[in-house]
S.K.: 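Let me give you the structure first, and then I'll get to my questions.
Reminder, nothing fancy here: chain letters follow the sequence lines and each chain counts from 1. Quick note: numbers below take in every heavy atom, side chains included, and nothing from hydrogens, waters or symmetry partners.
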Amino acid sequence: MKMNPGQDEAVKYISGPCLVLAGAGSGKTRVITTKIAHLVQNCSYQARNIAAVTFTNKAAREMKERIGQTLGKKEAKGLMVSTFHTLGLNIIRKEYKTLGIKQNFTLFDDQDQIALLKELTQDTLEEDKELIDQLRSSISNFKNELVLPPQAIARAQMPQDRLFAECYDSYMRHMKAYNALDFDDLIMMPTLLLRLNQEVRDRWQDKIRYLLVDEYQDTNTSQYELVKLLVGSRAKFTVVGDDDQSIYSWRGARPENLSLLQKDFPGLKVVKLEQNYRSTQRILKAANILIDNNPHEFGKRLFSELGYGDPIKVFTTKNEEHEAEKVVSELLAHKFMSRTDYKDYAILYRGNHQSRLFEKALMTNRIPYKISGGTSFFSRAEIKDMMAYLRLLVNPDDDNAFLRVVNVPRREIGPTTLEKLGNYANMRNISLFAASFEMGLEQTLTGRGLQSIRGFTRWLVELSDQEQRADSIDAVRDMIRDIHYEDWLYETSPSAKAAEMRMKNVSELYRWVTEMLKGDDLDEEMTLAQVVTRLTLRDMLERNEDEDDSDQVQLMTFHASKGLEYPYVFMVGMEEGILPHQSSIDEDNVEEERRLAYVGITRAQRGLFMMLCKERRQFGEVIKPEPSRFLFELPQDDLEWDLRKKPASAQEKQQKGKKGVANLRALFNK
DNA sequence: TCGAAAGACTTTTTT
DNA sequence: AGTCTTTCGA
């Protein structure tokens, strides 16, 4: 397929920094992959000196695959295509000595982080989930902004800031003692290292001679800094982004990094991609008009040559059950009429909790569906147990893993024993594992408790010896055998069938681990430590692994839908309070919600359906939401409100529409 | 020590 | 309404 002039320009411009403003569906992935091929085939770049960075593993995988097709295995060898976090992990793994980190570090996931913070704050703060959450996001913000504990403490103004900064300090110390890193460390550590250490910086700048960044509007401060440090003064890079699709500011993303780029690199070449190859003209018109309600730094107007297309259908339903049923009936009717597949339809919603009713409706109608973002493989108890064991094997100082499995299966190590051990470890500021061997412990802990604990830790020592000295696969196998995990599952599961399922999951994990340890033609063999970090990262990055090309209706949040496309899209819960979400209205941040709606609309290729309810149950209480303001911002000529049924209700709906517009005016006048 | 039952709390979005 | 947590009784 031929490239359009904009795409061509974006691909060919390689002499300096390049920003590609790529509207939804404008073929940005193709630009990136073609550009990489161009660099290798025509510009004498070696694949091993090119890095492409994305935000999700899925995107990285897709990109890798596409490049493999264009370039061929040989030419693509050594090409770095990864997420920001994996890139960070790779840098850390190579530079761990300079960073002062032990090689076999553990990656803490959210749960581990929460557990640690709870423990740290139990004396200072009373147990408060919300406060822990605030603290967590505060620490995350510090790291995203590259603020270290001393600076954080110095900067603190309010008592609360000070408290948080001190927790941050102690959190970092403990992470060090546990030999653990968290998610944000994967970016912050390499960034600070590159900033402070010229030798390392030179080495990486020499390694990565051309850098490409996808979804650039989602980068946060530390990620942008990492980009700047990696490209150096040579400034050979291409970033691709779309400020209209910036929907992650709550997570630290800085869409202003787009305009900062112009300041930081005055020679920046800006290319706009405005031709959309995905949607009908009508869908794009709606999207354009909606997003015009937001202020813009870079103006952009998408157009399409795919024809005008069908009107956008809007359905008002009685309540949320009815909404789900209506989606199903419309979907079935539409599928029957147009002879499409289930996989051509996506149902998009604002919050995960909304999925339930749609699931129910789909299930009762025996429609196959797939939810992205639900409970992941790794959040199953049996998998968390096994992961904890693997983590312990690699890094016995990992207290969270220790606590999770010390008594699973039962080892007669109860809370009292653990409390004593914990107190002792705390006092000496060492890990639980280390504490178990100390003579001093015998002062507080005696008899059976001590024996059980030492039995456990000695067993761990033996296994990790075996892992290091002999074969990792054998060690893992022996470990699973030693703990009789299968028996434990049968004992504790509600039914034999459930136990069987769980054991199947465990075997699946075991298979993954052994495969990764052995390596194959695509991936090199890894140490167990690498496998464990990789799996934890995978757990965090992709909640839905199995890429299933079977015929299923897709259910996901608006956020999760970014980057995807479907012939027909249902946007549900188009109500004030949901989209835009109430908290965004309260915080006066409706613009990001509008972008979210924009992302939803631009997912659709041919058909778009919007659903809203007149009544909705919230915390058991019935509320009567107003239609979303976004519905009134869309071009009304392109909407087709469902007014077929009883004329009485049609009138009601029309009135509702007027009321909504009146409300909108009221908001404007405010 | 476990299960049932009452009670509290929930709803943003996720790398 | 549904889910997770705590509490109470056996």
S.K.: On the 0 to 90° scale, with breaks at 30° and 60°, tag the Y568(A)-F609(A) ring pair as parallel, tilted or perpendicular.
M.R.: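 The arrangement is tilted - the two ring planes meet at 30° to 60°.
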S.K.: Nearest whole angstrom, please: distance from the C1' of dT15(B) to the CG of D182(A).
M.R.: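 Spelled out: CG on D182(A) to C1' on dT15(B) is 12 Å.
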S.K.: So, using side chain to side chain contact (heavy atoms under 4.5 Å, CB included) as the criterion, who are the partners of R251(A) when residues are at least two apart?
M.R.: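 Side chain to side chain contact (heavy atoms under 4.5 Å, CB included) check on R251(A) returns F55(A), Y248(A).
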S.K.: For N365(A) and I367(A), indicate whether the former's side chain and the latter's backbone hold a donor-acceptor pair under 3.5 Å.
M.R.: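 Absent.
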S.K.: For R136(A), does its backbone N or O pair with a side-chain atom of S140(A) as donor and acceptor, under 3.5 Å?
M.R.: no
S.K.: Please report the distance separating the P of dC4(C) from the corresponding atom of dT13(B), rounded so that it comes out in whole Å.
M.R.: 15 Å
S.K.: Passes side chain to side chain donor-acceptor pair (under 3.5 Å), E575(A) versus S628(A)? Steps please.
M.R.: CA-CA 4 Å; E575(A) 294 146 36; S628(A) 167; over 6 Å; no
S.K.: What is the distance from CZ of F55(A) to P of dT15(B), rounded to the nearest Å?
M.R.: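 F55(A) atom CZ is separated from dT15(B) atom P by 11 Å.
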S.K.: If I take atom NZ in residue K360(A) and atom C1' in nucleotide dT3(C), what distance separates them, rounded to the nearest angstrom?
M.R.: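 That distance rounds to 16 Å.
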S.K.: When you measure from the side-chain N and O atoms of S584(A) to the phosphate of dT13(B), is any distance below 4.0 Å, counting only OP1 and OP2?
M.R.: no
S.K.: Should stems be defined as at least three consecutive Watson-Crick or G-U pairs with both distances under 3.5 angstrom, which of them involve DNA chain B?
M.R.: B:1-10 with C:1-10
S.K.: Do K176(A)'s NZ or CZ and the ring of Y178(A) fall within the cation-pi criteria of under 6.0 Å and 45°?
M.R.: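 No, a cation-pi geometry is absent between K176(A) and Y178(A).
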S.K.: Taking the side chain as every heavy atom from C-beta outward, state whether N141(A) and V147(A) have any pair of such atoms under 4.5 Å apart.
M.R.: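 A side-chain contact under 4.5 Å is absent here.
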S.K.: Would you say CD of E65(A) has more than 12 non-hydrogen atoms from neighbouring residues, nucleotides or ligands within 6.0 angstrom?
M.R.: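 Result for CD/E65(A): open.
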S.K.: Rounded to the nearest angstrom, tell me the gap between atom CG in L87(A) and atom C1' in dT15(B).
M.R.: 14 Å
S.K.: Side chain of R603(A), backbone of L564(A): donor and acceptor closer than 3.5 Å?
M.R.: yes
S.K.: Give the rounded distance in Å between these two atoms: CD of Q223(A) and C1' of dT14(B).
M.R.: 12 Å
S.K.: Sticking with atom C1', work out how far dT11(B) lies from dT6(C), rounded to a whole angstrom.
M.R.: 22 Å
S.K.: What is the distance, rounded to the nearest whole Å, between atom OH of Y248(A) and atom P of dT13(B)?
M.R.: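 In whole Å, dT13(B) P lies 11 Å from Y248(A) OH.
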S.K.: Among the candidates dG2(C), dT13(B), dT15(B), find the nucleotide nearest to the side-chain atoms of R356(A).
M.R.: dG2(C)
S.K.: Using atom names, set out every protein N or O paired with an N or O of nucleotides 8-11 of chain B below 3.5 Å, distance rounded to 0.1 Å.
M.R.:
| residue | atom | partner | partner atom | Å |
| --- | --- | --- | --- | --- |
| dT11(B) | O2 | H353(A) | NE2 | 3.0 |

S.K.: According to a strict under-4.0 Å criterion, is N57(A) in side-chain N/O contact with OP1 or OP2 of dT15(B)?
M.R.: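 For dT15(B), OP1/OP2 do not have a side-chain N/O of N57(A) under 4.0 Å.
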S.K.: Within this structure, what is the CG-to-C1' distance between N144(A) and dT15(B), rounded to whole angstrom?
M.R.: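 So the CG-C1' distance, N144(A) to dT15(B), works out to 10 Å.
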S.K.: Over how many whole Å does the gap from E615(A) atom CD to dA1(C) atom P extend?
M.R.: 13 Å
